[in-house]
There are 4 protein chains.
Amino acid sequence: MAGSSFGTLFRITTWGESHGQGLGAVIDGCPAGLSLCEEDIQRFLDRRKPGQSAYVTQRRESDRARIMSGVFEGRTTGTPISILIMNEDQHSADYSDIALVYRPGHADYTYDAKYGFRDYRGGGRSSGRETAARVAAGAVAAKLLEQLGIKVCAYSQCIGGNGIDYDRFDIAERDRNPFAMPDAEAAKAVEADAQTAIGSLDSLGGIIECVVSNMPAGLGEPVFDKLDANLAKAVLSIGAVKGFEIGDGFMVAELKGSENNDEFYMEKGKVRKRTNHSGGVLGGISDGGDIVFRAAVKPTPSIASLQNTVTRDGEDTSVAVRGRHDPMIVPRAVVVVEAMTACTIADMLLQNACSRLENIEKIYEGRI
Amino acid sequence: MAGSSFGTLFRITTWGESHGQGLGAVIDGCPAGLSLCEEDIQRFLDRRKPGQSAYVTQRRESDRARIMSGVFEGRTTGTPISILIMNEDQHSADYSDIALVYRPGHADYTYDAKYGFRDYRGGGRSSGRETAARVAAGAVAAKLLEQLGIKVCAYSQCIGGNGIDYDRFDIAERDRNPFAMPDAEAAKAVEADAQTAIGSLDSLGGIIECVVSNMPAGLGEPVFDKLDANLAKAVLSIGAVKGFEIGDGFMVAELKGSENNDEFYMEKGKVRKRTNHSGGVLGGISDGGDIVFRAAVKPTPSIASLQNTVTRDGEDTSVAVRGRHDPMIVPRAVVVVEAMTACTIADMLLQNACSRLENIEKIYEGRI
Amino acid sequence: MAGSSFGTLFRITTWGESHGQGLGAVIDGCPAGLSLCEEDIQRFLDRRKPGQSAYVTQRRESDRARIMSGVFEGRTTGTPISILIMNEDQHSADYSDIALVYRPGHADYTYDAKYGFRDYRGGGRSSGRETAARVAAGAVAAKLLEQLGIKVCAYSQCIGGNGIDYDRFDIAERDRNPFAMPDAEAAKAVEADAQTAIGSLDSLGGIIECVVSNMPAGLGEPVFDKLDANLAKAVLSIGAVKGFEIGDGFMVAELKGSENNDEFYMEKGKVRKRTNHSGGVLGGISDGGDIVFRAAVKPTPSIASLQNTVTRDGEDTSVAVRGRHDPMIVPRAVVVVEAMTACTIADMLLQNACSRLENIEKIYEGRI
Amino acid sequence: MAGSSFGTLFRITTWGESHGQGLGAVIDGCPAGLSLCEEDIQRFLDRRKPGQSAYVTQRRESDRARIMSGVFEGRTTGTPISILIMNEDQHSADYSDIALVYRPGHADYTYDAKYGFRDYRGGGRSSGRETAARVAAGAVAAKLLEQLGIKVCAYSQCIGGNGIDYDRFDIAERDRNPFAMPDAEAAKAVEADAQTAIGSLDSLGGIIECVVSNMPAGLGEPVFDKLDANLAKAVLSIGAVKGFEIGDGFMVAELKGSENNDEFYMEKGKVRKRTNHSGGVLGGISDGGDIVFRAAVKPTPSIASLQNTVTRDGEDTSVAVRGRHDPMIVPRAVVVVEAMTACTIADMLLQNACSRLENIEKIYEGRI
């Protein structure tokens with residue numbers, strides 16, 4: 001498989017390098033009959049587009065998505081949806097110095113260790129640019145979920161140690177500041193730190209939080225394809241992510257059972273929970289509450305200050321990574337987290353369709 | 001797939017309920033020629049066996065593993081290895097009251113929401129007992145890794161807020177106290193808290209840390225089957241785990257790029273790193289350093305104090321979960337984390353074998 | 001994967017060697033709520049049981065199937081169904097001479113070439129006995145199909161060149177003669193040839209035909225998982241099968257388009273076909289007609305006459321395969337073909353459930 | 001999965017409709033370091049290009065293949081290879097009449113039955129044009145096999161009942177006549193029949209034979225992923241194929257064990273077979289002999305004579321399929337069979353790499 005596919009029934013396959021001809025995604029398994037157009041995809045891609053503020057890379061990438069197959073007269077046909085994004089504005093010259101030197105915190109060395117050589121231009125397949133293809137695929141998944149009423153929403157929860165204050169939480173604010181923070185004051189604090197970091201040729205890490213609302217109970221396949229296990233994989237598969245926690249997450253280490261359990265109660269004939277310490281998943285299956293999880297995103301490894309390292313040929317050396325790099329990864333990764341989440345939920349939604357005989361009987365009723 | 005299989009090339013499939021006939025694992029894809037006997041598996045199973053201290057459940061489960069296929073004259077044959085563990089000491093009566101009541105923090109409700117009904121005896125498939133089958137499979141993976149020189153080692157890093165002091169770290173101590181802590185003093189602090197928790201009919205959560213040493217560089221498949229993404233899934237697929245972090249993990253939110261990057265240097269012709277903030281993975285591929293990650297484990301949801309909840313029939317009620325439950329999950333989960341880690345590393349090790357043409361040529365040399 | 005699993009959603013994994021501890025199948029993905037008991041499985045297994053006539057092996061294998069998991073109170077729970085068949089009556093001594101000699105027509109040499117050594121007792125994993133586990137799994141698939149009204153029926157169409165006469169076709173007759181032929185006269189001709197073959201220490205080949213009736217249109221996934229492609233794989237995966245054809249099959253080489261096409265017409269508001277040259281599949285998707293295919297089954301390779309061969313150590317030698325072998329494979333393979341067909345159709349039935357958005361909406365209606 | 005991917009380790013995913021923007025294939029899992037250029041792919045595509053004789057469709061399709069990713073400085077990088085073929089010369093108007101009418105022998109009805117609607121232009125995804133993407137992917141597989149010394153070669157064995165005479169077999173002749181027949185006289189007989197068929201607005205079927213030479217023993221994964229089972233699936237997944245047989249194939253129904261078994265002997269220290277009735281596969285694993293199989297290909301269903309059928313709206317009607325159709329499918333399908341065979345063998349070759357511990361040790365020797 002070699003790792004470029006994700007999902008079992010809603011299955012995406014991505015391809016493309018930073019400085020190759022282009023990037024793309026093939027989505028196989030999207031049900032037929034879903035209304036879909038290029039604008040649905042473009043809206044997602046535009047959210048990760050660089051050059052929109054001083055705090056992200058100044059590379060210009062128009063990232064126009066083109067649907068090559070699988071859509072006819074405005075609706076998905078059930079056959080593979082291929083999305084193509086051609087590469088532009090490739091300054092290959094910027095990267096010529098890294099052909100021989102392993103940048104600390106990057107995958108240069110590990111790709112060589114794995115494959116024997118690598119496409120070093122802009123990081124090749126290990127570039128953050130790879131995520132454009134995921135975002136395109138995620139836009140299709142999000143459209144499918146939206147059709148059913150399910151909503152995925154992510155935002156920066158913390159950057160450079162500056163966390164949001166939930167009392168000031170305003171999701172509209174997320175799209176007004178360059179840090180994707182739903183809290184204007186926290187965004188200001190980040191701005192100050194960002195300027196300091198840029199000044200000292202350094203970069204910042206942070207945390208992204210994601211909420212899936214309107215979730216049906218029952219999604220997730222025991223025992224290995226638990227909903228939270230698949231979400232963890234989806235999120236950790238994003239380049240710079242170093243941690244995942246759901247619900248109370250790492251805080252459980254200090255909680256008692258009586259504090260971490262969510263009590264059930266009945267409301268209008270439905271089972272509800274008084275709290276959501278579980279983050280919406282019990283035993284790997286959605287419990288009907290909101291899915292709430294967080295992802296830790298490391299600081300951009302491309303920094304302009306001098307670092308010790310080695311050459312491909314095994315000589316000690318040092319490197320200062322120049323070029324047009326984001327001083328922080330978090331803001332542009334927010335939509336990538338949403339995309340991977342949408343793909344995961346869409347896949348589990350389809351997988352769960354076959355969990356009961358009565359569902360199957362409903363579908364084939366009158367057809368056999 | 002319905003979720004009971006894990007891995008692509010080293011692929012395990014588990015089955016079994018807490019109070020059914022038994023549990024088992026089928027391992028398909030273990031290379032032929034590996035020395036393997038039942039004792040190799042029993043050694044792992046014995047580490048999760050209950051009843052070994054006052055701080056774990058007093059259920060008696062002998063958990064004898066029997067190899068049913070795939071081993072001939074002491075070596076694996078390359079065909080599926082089936083391991084069978086028969087169930088014993090099932091007090092089904094203990095659980096009769098939970099047939100109709102949803103226990104908070106458990107999967108009772110979510111299984112019903114998914115499947116329409118459930119085997120309620122002891123939690124059925126959602127019981128922690130399910131992990132016995134994973135541990136059996138993990139023992140085979142660990143044997144394979146051991147043969148190549150790779151070692152997986154997990155331990156309790158924190159229970160009930162009592163973390164280990166790395167200055168006192170002693171892995172031999174792990175097997176001497178009932179909490180699997182490599183620090184005798186921390187274990188004592190946990191013991192005091194555990195007694196308090198038991199007294200107040202409550203339970204404790206914690207953190208497990210796992211280290212994989214002697215790792216080759218190059219394992220992990222970009223872009224979705226990253227080594228850390230697959231580890232995250234493996235670990236989150238264990239029932240009570242609510243978080244996963246690798247290397248600096250969630251701490252990256254407060255670190256700068258210059259603090260989080262690991263500098264490279266040469267040592268005896270090999271590429272080395274001065275630090276290990278990455279936790280041994282760069283760009284989803286092992287960098288030759290130790291893999292270091294942590295898993296957050298929630299407190300046992302089965303607590304004897306009274307909690308509000310609902311019945312299967314939609315009535316509000318309350319429940320106090322009686323029976324023989326662990327006051328904490330962490331100690332017995334340590335070997336489960338090792339098992340899932342071993343399975344993941346074994347799978348990535350096999351997958352990586354085909355990454356280069358020269359590897360394939362080496363294998364078929366003289367055969368074509 | 002190493003090949004011991006079959007299917008995507010209705011997924012079976014088998015294990016076991018001819019003379020090991022036992023054999024088994026794990027079925028993951030059977031929808032919850034299906035009525036199932038051991039007798040459902042036993043009925044299938046009994047049809048492949050040896051020792052029922054002079055024309056099949058005289059080995060005694062009671063082949064009692066035991067359901068180990070996944071069924072509660074008479075219904076499937078949605079979790080893996082593990083079926084265990086313990087081995088009995090193993091005359092390992094019968095096979096000691098083949099430990100070092102490669103039997104012509106058998107997999108002795110190829111297993112050694114692949115794995116470096118093999119469990120030679122009774123053919124190990126390559127034994128026809130392996131099919132017991134498939135038949136057990138197929139019984140579950142058949143029960144699921146039956147619930148929806150779909151019926152799978154196979155029979156011997158030809159043995160030793162003696163084909164059935166469709167004018168005398170009587171499916172009840174299939175279960176009355178030892179050759180599973182739905183034509184008493186053809187069975188008599190086979191009997192005469194079989195006695196001759198036994199007398200000359202030889203064996204006979206033949207053809208199995210299989211019909212699936214009451215098929216819904218729409219099953220099969222373009223372009224690689226076509227219904228007929230998956231059936232072909234399912235059937236060729238049975239040890240002795242050397243060919244597969246559907247509908248007109250190899251006869252198409254002599255037909256014109258006007259002879260091979262099936263014309264459509266309307267009947268009571270439904271699309272029907274006047275003929276069934278297609279064998280029920282168009283473009284890899286079921287067309288609502290009966291699925292009709294044939295499998296070519298080679299003569300038993302174990303023959304008692306002397307054949308030239310080589311030893312494991314590379315010496316020329318000769319061998320006469322003694323022991324209790326079937327003089328023909330066809331009759332006992334009939335139920336194996338049914339089993340693999342049922343598994344394939346069940347899998348495609350589930351896969352197709354997600355082909356349209358309206359199906360998904362129907363399932364989640366009122367739940368989100 | 002929805003069926004657009006094939007293979008486990010050498011995994012191809014195709015997309016595209018007859019009259020959409022284009023077609024493509026993504027190959028994930030091709031080992032790094034293989035020399036590859038667009039010309040390698042073009043050479044294969046040119047063999048299925050239409051318009052090269054009077055006996056294939058007169059549509060003009062230049063079918064230029066463009067490598068979009070996965071190749072750097074002339075060698076594969078180990079990351080996904082994306083191949084893009086843009087569509088040209090689409091006469092959508094030709095097909096407007098089939099939007100509402102189901103053509104006999106085509107997938108028009110079955111796609112509607114499955115998905116609720118379809119891209120009717122030129123057959124959409126069910127068009128033979130879909131095979132261009134497979135051929136592109138197969139070219140990469142063939143390059144990989146070639147590097148190891150394995151050769152795949154297919155040809156027309158029979159068209160319209162006119163079979164080749166093996167005494168006149170000349171593979172060079174295959175590329176000299178429009179029927180891909182390695183026998184000039186047989187080709188002449190076909191030519192006569194083809195003119196008659198065209199004259200009577202009809203079409204012809206036939207048989208393709210394929211030989212894989214220089215095969216290593218040991219490829220194929222018991223028990224479900226047998227080499228011949230996977231080949232059968234690969235070949236039946238090609239649109240018009242209705243049958244598959246390997247070695248003696250359906251002839252086994254009339255053979256005795258003594259006639260069908262291949263005797264082994266030693267030659268220069270290697271195990272050889274005196275005959276090849278098995279077609280190179282024993283127990284699902286390659287036995288070192290040539291792989292020899294045949295595929296039955298139905299006559300082109302698009303015929304210009306009038307046929308009864310129904311409309312999408314359930315009315316009886318009749319249709320004469322006009323447009324630029326091949327009077328026979330066989331000649332252009334020859335390279336498609338080669339392509340699918342190459343993909344299958346490449347996949348089994350990689351899968352088998354992990355069958356023995358000693359192979360794994362060889363690869364990681366000195367790296368751990």
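So that the names make sense, note that chain A is the first sequence line, chain B the second, and so on, each numbered from 1.
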Peer 1: Where does A:Asn260 contact chain B at under 4.5 Å (heavy atoms): side chain, backbone, both or neither?
Peer 2: side chain
Peer 1: In terms of heavy-atom proximity below 4.5 Å to chain B, should A:Asp262 be classed as side chain, backbone, both, or neither?
Peer 2: backbone
Peer 1: Examine whether an atom of A:Thr309 lies under 4.5 Å from a heavy atom of chain B, and if so say whether it belongs to the side chain, the backbone or both; otherwise answer neither.
Peer 2: both
Peer 1: Quick check on A:Met340 against chain B: is it the side chain, the backbone, both or neither that has a heavy atom closer than 4.5 Å?
Peer 2: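 Contact with chain B: side chain only.
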Peer 1: Is B:Lys226 close to chain A through its backbone or its side chain, or both, or neither, when contacts mean heavy atoms under 4.5 Å?
Peer 2: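 Contact with chain A is through the side chain of B:Lys226 alone.
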Peer 1: Given a strict heavy-atom distance threshold of 4.5 Å, which part of A:Ser286 is in contact with chain B: side chain, backbone, both, or neither?
Peer 2: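 Backbone only.
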Peer 1: Pick one of side chain, backbone, both or neither for B:Asp228, based on which atoms fall under 4.5 Å of a heavy atom in chain A.
Peer 2: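 Both parts, heavy atoms under 4.5 Å.
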Peer 1: Looking at B:Asn230 and B:Phe6, what are the two nearest heavy atoms and their distance?
Peer 2: O-CZ, 4.2 Å
Peer 1: Are any side-chain N or O atoms of B:Asp347 and backbone N or O atoms of B:Thr8, one a donor and one an acceptor, separated by less than 3.5 Å?
Peer 2: yes
Peer 1: Just so I understand: if I count every heavy-atom pair under 4.5 Å between each of A:Glu245, A:Glu254, A:Arg356 and chain B, which residue has the most?
Peer 2: A:Arg356
Peer 1: Please look at A:Val297 and chain B and tell me whether the side chain, the backbone, both or neither of the residue comes under 4.5 angstrom of a heavy atom of that chain.
Peer 2: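 Contact with chain B is through the backbone of A:Val297 alone.
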Peer 1: With chain B, which of A:Val223, A:Ile246, A:Val310 has the greatest number of heavy-atom pairs at distances under 4.5 Å?
Peer 2: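 Heavy-atom pair counts peak at A:Val223.
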Peer 1: Please enumerate all residues that pass salt bridge (charged side-chain N to carboxylate O under 4.0 Å, His left out) together with A:Lys114, with sequence neighbours excluded.
Peer 2: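 A:Lys114 satisfies salt bridge (charged side-chain N to carboxylate O under 4.0 Å, His left out) with B:Glu221 only.
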Peer 1: So which residue, B:Asp193, B:Val330, B:Asp202, ends up with the most heavy-atom pairs under 4.5 Å with chain A?
Peer 2: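 Most heavy-atom pairs under 4.5 Å with chain A: B:Asp202.
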Peer 1: So which of B:Ala107, B:Gly206, B:Gly161, B:Gly283 has the largest heavy-atom pair count under 4.5 angstrom toward chain A?
Peer 2: B:Gly206
Peer 1: Output the option from A:Ala295, A:Gly249, A:Ser302 having the highest count of non-hydrogen pairs under 4.5 Å with chain B.
Peer 2: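 Heavy-atom pairs under 4.5 Å are most numerous for A:Gly249.
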Peer 1: For the pair B:Asp287 (side chain) and A:Thr110 (backbone), establish whether a donor and an acceptor sit closer than 3.5 Å, ignoring hydrogens and angles.
Peer 2: no
Peer 1: Could you tell me whether B:Lys256 atom NZ has more than 12 heavy atoms of other residues or ligands within 6.0 Å of it?
Peer 2: no
Peer 1: Measure the spacing between SG of B:Cys343 and CE of B:Met348 and express it to the nearest 0.5 Å.
Peer 2: 13.0 Å
Peer 1: Could you look at A:Gln307 and say if it's the side chain, the backbone, both or neither that has a heavy atom under 4.5 Å from chain B?
Peer 2: both
Peer 1: Given the options A:Asn308, A:Leu357, A:Val281, A:Asp316, which has more heavy-atom pairs under 4.5 Å with chain B than any of the others?
Peer 2: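 Ranked by heavy-atom pairs under 4.5 Å with chain B, first place is A:Asn308.
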Peer 1: Quick one: does B:Ser156's side chain have a donor or acceptor within less than 3.5 Å of a partner on B:Cys158's backbone?
Peer 2: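 Not confirmed, B:Ser156 side chain does not pair with B:Cys158 backbone.
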Peer 1: Please classify the contact between B:Tyr109 and chain A as side chain, backbone, both or neither, with a heavy-atom cut-off of under 4.5 Å.
Peer 2: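 Just the side chain, heavy atoms under 4.5 Å.
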Peer 1: Give, as side chain, backbone, both or neither, the part of B:Asn359 having an atom under 4.5 angstrom from any heavy atom of chain A.
Peer 2: neither
Peer 1: Donor-acceptor pair, A:Thr131 side chain versus A:Arg134 backbone, under 3.5 Å?
Peer 2: no
Peer 1: Who wins among B:Ala197, B:Ser258, B:Gly279 for the most heavy-atom pairs under 4.5 Å with chain A?
Peer 2: B:Ser258
Peer 1: Taking side chain as everything from C-beta outward and backbone as N, CA, C, O, which of these in B:Thr300 sits under 4.5 Å from a heavy atom of chain A? Side chain, backbone, both or neither.
Peer 2: backbone
Peer 1: If we define contacts as heavy-atom pairs under 4.5 Å, which of B:Ile159, B:Val271, B:Val241, B:Asn352 has the most with chain A?
Peer 2: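 Heavy-atom pairs under 4.5 Å are most numerous for B:Val271.
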Peer 1: Give, as side chain, backbone, both or neither, the part of A:Asn162 having an atom under 4.5 angstrom from any heavy atom of chain B.
Peer 2: neither
Peer 1: Indicate whether the side chain of A:Tyr111 and that of A:Asp119 have a donor and an acceptor atom separated by less than 3.5 Å.
Peer 2: no
Peer 1: Heavy-atom distance under 4.5 Å to chain A: side chain of B:Glu358, backbone, both or neither?
Peer 2: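 Neither part, no heavy atoms under 4.5 Å.
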Peer 1: Specify which of B:Gly243, B:Ser237, B:Pro216 makes the most heavy-atom pairs with chain A at under 4.5 Å.
Peer 2: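 Looking at each option in turn, the highest pair count goes to B:Ser237.
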Peer 1: With chain B as the partner, which of A:Ser203, A:Pro222, A:Ser318, A:Gly105 has the greatest number of non-hydrogen pairs under 4.5 Å?
Peer 2: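 Option with the greatest count: A:Pro222.
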Peer 1: What option among B:Ser126, B:Gly116, B:Gly160 has the most heavy-atom pairs under 4.5 Å with chain A?
Peer 2: B:Gly116
Peer 1: Keeping the roles fixed (side chain from A:His277, backbone from A:Glu259), state whether a donor-acceptor pair exists under 3.5 Å.
Peer 2: yes
Peer 1: Does any backbone or side-chain atom of A:Ile303 lie under 4.5 Å from a heavy atom of chain B? Answer side chain, backbone, both or neither.
Peer 2: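 Side chain only.
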Peer 1: Quick one, B:Arg312 with B:Asp108, criterion salt bridge (Lys or Arg N to Asp or Glu O under 4.0 Å). Give me CA distance, side-chain angles, the key distance, then yes/no.
Peer 2: CA-CA 9 Å; B:Arg312 185 175 168 155; B:Asp108 303 337; over 6 Å; no
Peer 1: So, is the end of the A:Arg274 side chain (NZ or CZ) under 6.0 Å from the ring centre of A:Tyr265 and within 45° of the ring's axis?
Peer 2: yes
Peer 1: Are any side-chain N or O atoms of B:Arg129 and backbone N or O atoms of B:Glu17, one a donor and one an acceptor, separated by less than 3.5 Å?
Peer 2: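 Between the backbone of B:Glu17 and the side chain of B:Arg129 there is no qualifying donor-acceptor contact (under 3.5 Å).
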Peer 1: Quick check on the interface: out of A:Ala296, A:Ser278, A:Ala240, A:Ala253, who has the most heavy-atom pairs with chain B under 4.5 Å?
Peer 2: A:Ala253
Peer 1: When rounded to the nearest 0.5 angstrom, what is the spacing between CG in A:Leu231 and CG in A:Leu236?
Peer 2: 11.0 Å
Peer 1: Going by the rule side chain to side chain contact (heavy atoms under 4.5 Å, CB included), which residues pair with B:Glu209 if we only count those two or more places apart in sequence or in a different chain?
Peer 2: B:Tyr155, B:Gln157, B:Tyr166, B:Val292, B:Arg294
Peer 1: Quick check on A:Phe250 against chain B: is it the side chain, the backbone, both or neither that has a heavy atom closer than 4.5 Å?
Peer 2: both
Peer 1: Between B:Arg125 (side chain) and B:Gly16 (backbone), is there a donor-acceptor pair under 3.5 Å?
Peer 2: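 Looks like yes, one N/O pair under 3.5 Å.
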